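Presented below is the structure to which this report refers.
These numbers were taken from a predicted model, which means no experiment stands behind them. Residue numbering restarts at 1 for every chain, and letters A, B, ... go by the order of the sequence lines.
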Number of protein chains: 2
Amino acid sequence: MKPKRQSAKISDVAKAAGVSQAAVSRVMRGDASFVVREETRKRITDVARELNYQPNPAARGLRTSRSLSLGIVVPELDNPIHAKIIIGAERAAAERGYSLLIAHRDDGMEETAIYERLVHRNRVDGLIVATLQDEQVGVSALKELEHPFVLVNRKARGVEHHVVINDRGGAKRAVAYLATLGHQRIAHLSGSPARYNSICRLEGYRDGLQEAGLDFDPALVVEAGYTMSGGAAAMRKLLDSAHPRPTALFASTLMVAAGAMGVLREAGVRIPQDMSIIGFNDGAIADVLAPPLTTVRTPLENMGYLAASSLINHIQDGGHFAGAMLKDIEIVERKSTSAPGG
Amino acid sequence: MKPKRQSAKISDVAKAAGVSQAAVSRVMRGDASFVVREETRKRITDVARELNYQPNPAARGLRTSRSLSLGIVVPELDNPIHAKIIIGAERAAAERGYSLLIAHRDDGMEETAIYERLVHRNRVDGLIVATLQDEQVGVSALKELEHPFVLVNRKARGVEHHVVINDRGGAKRAVAYLATLGHQRIAHLSGSPARYNSICRLEGYRDGLQEAGLDFDPALVVEAGYTMSGGAAAMRKLLDSAHPRPTALFASTLMVAAGAMGVLREAGVRIPQDMSIIGFNDGAIADVLAPPLTTVRTPLENMGYLAASSLINHIQDGGHFAGAMLKDIEIVERKSTSAPGG
DNA sequence: CTGTTAGCGCCTTCAC
DNA sequence: GTGAAGGCGCTAACAG
């Protein structure tokens with residue numbers, strides 16, 4: 001069924017306002033180098049509004065070879081972290097008149113094929129990349145596209161345009177918070193040692209220890225990945241092998257914290273009396289856990305916003321963008337942390 | 001910065017293959033009424049692949065007045081339910097060569113303004129509507145657009161094209177499951193009495209009671225909305241006012257179940273020994289709760305998939321689509337349910 | 001059956 | 001300061 005095409009076109013506006021199409025085009029786009037009498041300008045905008053004129057993006061795109069759309073590619077859609085990034089990016093895009101095409105890795109799909117498709121088939125003007133599995137492969141694929149892109153929540157060698165949060169500083173804050181409560185043995189359930197965020201958070205963990213005058217003990221760091229089961233396994237390992245037992249725990253993600261909490265509960269370790277826990281990146285599940293989880297809140301939505309808007313700046317002006325780190329971080333105190341012993 | 005336009009165009013392919021542009025266009029689109037020698041067809045497709053030819057969507061859209069894009073509008077992006085619907089819709093769209101524009105209600109934005117924008121500015125070919133706050137206002141706004149649309153996860157009077165899950169049947173199954181375990185006093189924390197899904201689930205609750213030969217007791221139904229705090233408040237009310245106390249609980253959403261569980265824990269009511277709980281619409285938080293929550297799993301992703309693909313069918317063939325209900329439902333047993341008393 | 005051609009709606013020089 | 005005209009890449013009608 002062919003959708004009804006009832007929209008006014010530029011020629012309708014021009015006719016109704018008694019001017020040329022060119023005049024309408026210039027006024028509507030806010031072309032600064034175009035000087036008209038205020039009266040004419042008003043007449044044009046009034047008529048346009050009255051006819052509900054909206055420039056046809058296909059026609060405009062054909063002429064300008066821009067789609068006024070951005071592609072964002074994320075690993076999974078049903079992950080609150082990415083949802084927040086997307087929300088921010090969408091807001092920035094909408095404010096600037098862009099639309100956002102969301103793509104995610106389908107199982108078995110090459111990461112690079114997604115970039116390809118977005119750029120060649122959908123003709124997005126730029127790419128926001130929140131997934132970068134293999135740094136080498138991904139980055140060179142992106143560069144071969146010769147298309148503007150920005151990395152979000154990740155850095156990679158040879159890529160200047162990125163937007164990240166302060167993973168390291170946030171981790172340090174988490175540890176400092178625990179130390180301030182009086183904890184001396186603070187463990188860390190880390191992510192994958194190959195991933196940017198995890199590396200930063202591990203560094204921040206060490207920073208925090210150092211600042212608090214605490215020694216780094218390798219036995220207190222266990223790799224947990226990003227899942228609940230990973231968190232559970234790591235917690236079991238920690239309970240078995242770390243003596244004396246830590247009194248506090250900094251978990252790399254909320255799901256890891258959740259997995260750890262399940263194991264602690266079964267083992268009869270009380271939270272927070274016997275073990276304080278803090279998680280990274282705040283989210284709804286922090287409230288749902290028992291006890292509710294104290295977290296480090298990071299500006300994920302702003303990260304998405306800045307990524308999209310800086311990308312649009314770059315597309316429009318060709319300006320150089322050197323990368324940014326959002327430092328706005330705070331601890332959200334809930335019930336999973338206390339002084340050692342209660 | 002103008003993105004490099006290096007893509008081959010149809011004229012390049014035609015030249016390289018020694019045929020006309022029209023021939024290329026027809027072959028590439030798989031025009032059935034176009035007959036060519038197999039050899040020619042192969043030559044064209046080979047050349048197209050070699051040059052990495054991708055039709056320019058702007059040019060095509062300008063000519064055909066179709067954008068090959070769909071809009072989906074959801075209330076919130078960071079809600080796993082909508083994420084799953086989106087994932088399904090995106091898969092269907094991608095399979096059919098469509099892209100998906102995701103829009104969500106910004107605070108203070110009129111719901112109808114989103115439809116307007118998607119249709120008039122972005123020129124989507126159809127709308128997938130997962131949000132319908134005010135049935136009257138929303139439906140008439142949608143109809144005024146005179147544009148193909150489908151309601152997903154909702155029905156409305158006067159709208160035939162919808163895709164829903166079997167909320168009623170799922171609720172009935174939940175109650176039947178509890179009854180089979182031996183429960184006789186089964187409470188229901190319901191959603192808003194104005195919302196389609198909640199109404200259906202309440203009906204299903206009554207169906208389940210009836211089938212199990214249990215009486216309906218209004219004191220056992222409390223409105224909880226859709227949030228954790230709503231669930232908590234409703235649970236408190238239920239503990240105060242329902243005597244004798246129910247031994248099982250069917251919660252309308254996972255967040256409501258989470259809120260209820262928090263209150264029960266504080267009140268010293270053990271789960272499942274003193275109170276069995278089952279939630280509706282499975283999701284990651286079910287695993288994270290303590291104890292892990294038994295749920296009714298529904299085909300949310302398939303719902304999104306079917307909505308998008310039936311909408312595309314309608315756009316392409318003008319075919320009439322009468323609405324569909326996905327009945328594939330199962331109970332996911334976890335640790336929050338047992339026979340009464342343990 | 002195949003190829004030529006006339007726009008789709010817009011933007012952007014280039015004349016006036 | 002304003003308007004006329006060409007063309008972006010593609011498809012569909014029509015001509016051969």
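- Considering only the side chain of B:R63, D:dT11 comes nearest among D:dG9, C:dC11, D:dT11.
- Side-chain atoms of A:I10 lie closest to C:dC11 of the nucleotides D:dA12, C:dC11, D:dT2.
- Mapping B:A58 and A:V19 onto DNA chain D by nearest heavy atom places A:V19 closer to the 5' end of the strand.
- Contact between the side-chain N/O atoms of B:S25 and the OP1/OP2 oxygens of D:dT11 is found at a separation under 4.0 Å.
- The distance from atom CZ of A:R41 to atom C1' of D:dT2 is 14 Å, rounded to the nearest whole Å.
- At C:dC8, none of the side-chain N or O atoms of B:R60 fall inside 4.0 Å of OP1 or OP2 (strictly under the cut-off).
- Ranked by how close their nearest DNA chain C nucleotide is to the 5' end, B:L62 and A:A22 are led by B:L62.
- One can place CZ of A:R66 at 13 Å from P of C:dC11, the figure rounded to the nearest angstrom.
- The side chain of A:N56 sits closest to C:dG9 out of C:dG9, C:dG3, D:dC10.
- Sequence order on DNA chain C of the closest nucleotides to A:Q21 and B:A23 puts B:A23 first from the 5' end.
- For the 3.5 Å distance criterion, the side chains of B:E76 and B:H104 fail to qualify, holding no donor opposite an acceptor.
- Put simply, CZ on B:R123 is 15 Å from P on C:dC8, counting in whole angstrom units.
- Here the P atom of nucleotide D:dG1 and the CD atom of A:E39 are 16 Å apart, to the nearest Å.
- In this model, a side-chain donor or acceptor of B:R26 finds a partner on the base of C:dG3 within 3.5 Å.
- Under a 3.5 Å cut-off, the side chain of B:S69 and the backbone N or O of B:S99 do not form any donor-acceptor pair.
- The ring-ring contact (aromatic ring centres under 6.0 Å, His included) check on B:F321 picks up B:H161, with sequence neighbours excluded.
- The CD1 atom of A:I44 sits 15 Å away from the P atom of D:dG1 (whole-angstrom rounding).
- At D:dT11, none of the side-chain N or O atoms of B:T64 fall inside 4.0 Å of OP1 or OP2 (strictly under the cut-off).
- Following rounding to the nearest Å, B:D31 (CG) and D:dA12 (P) show an atom-to-atom distance of 8 Å.
- Using a 3.5 Å distance cut-off with no hydrogens or angles, the side chains of B:D328 and B:N302 do not pair a donor with an acceptor.
- Here D:dG1 presents its P atom at 15 Å from CD of A:E38, a figure rounded to the nearest Å.
- The main-chain N or O of A:E160 is found under 3.5 Å from a side-chain atom of A:H162 such that the two form a donor-acceptor pair.
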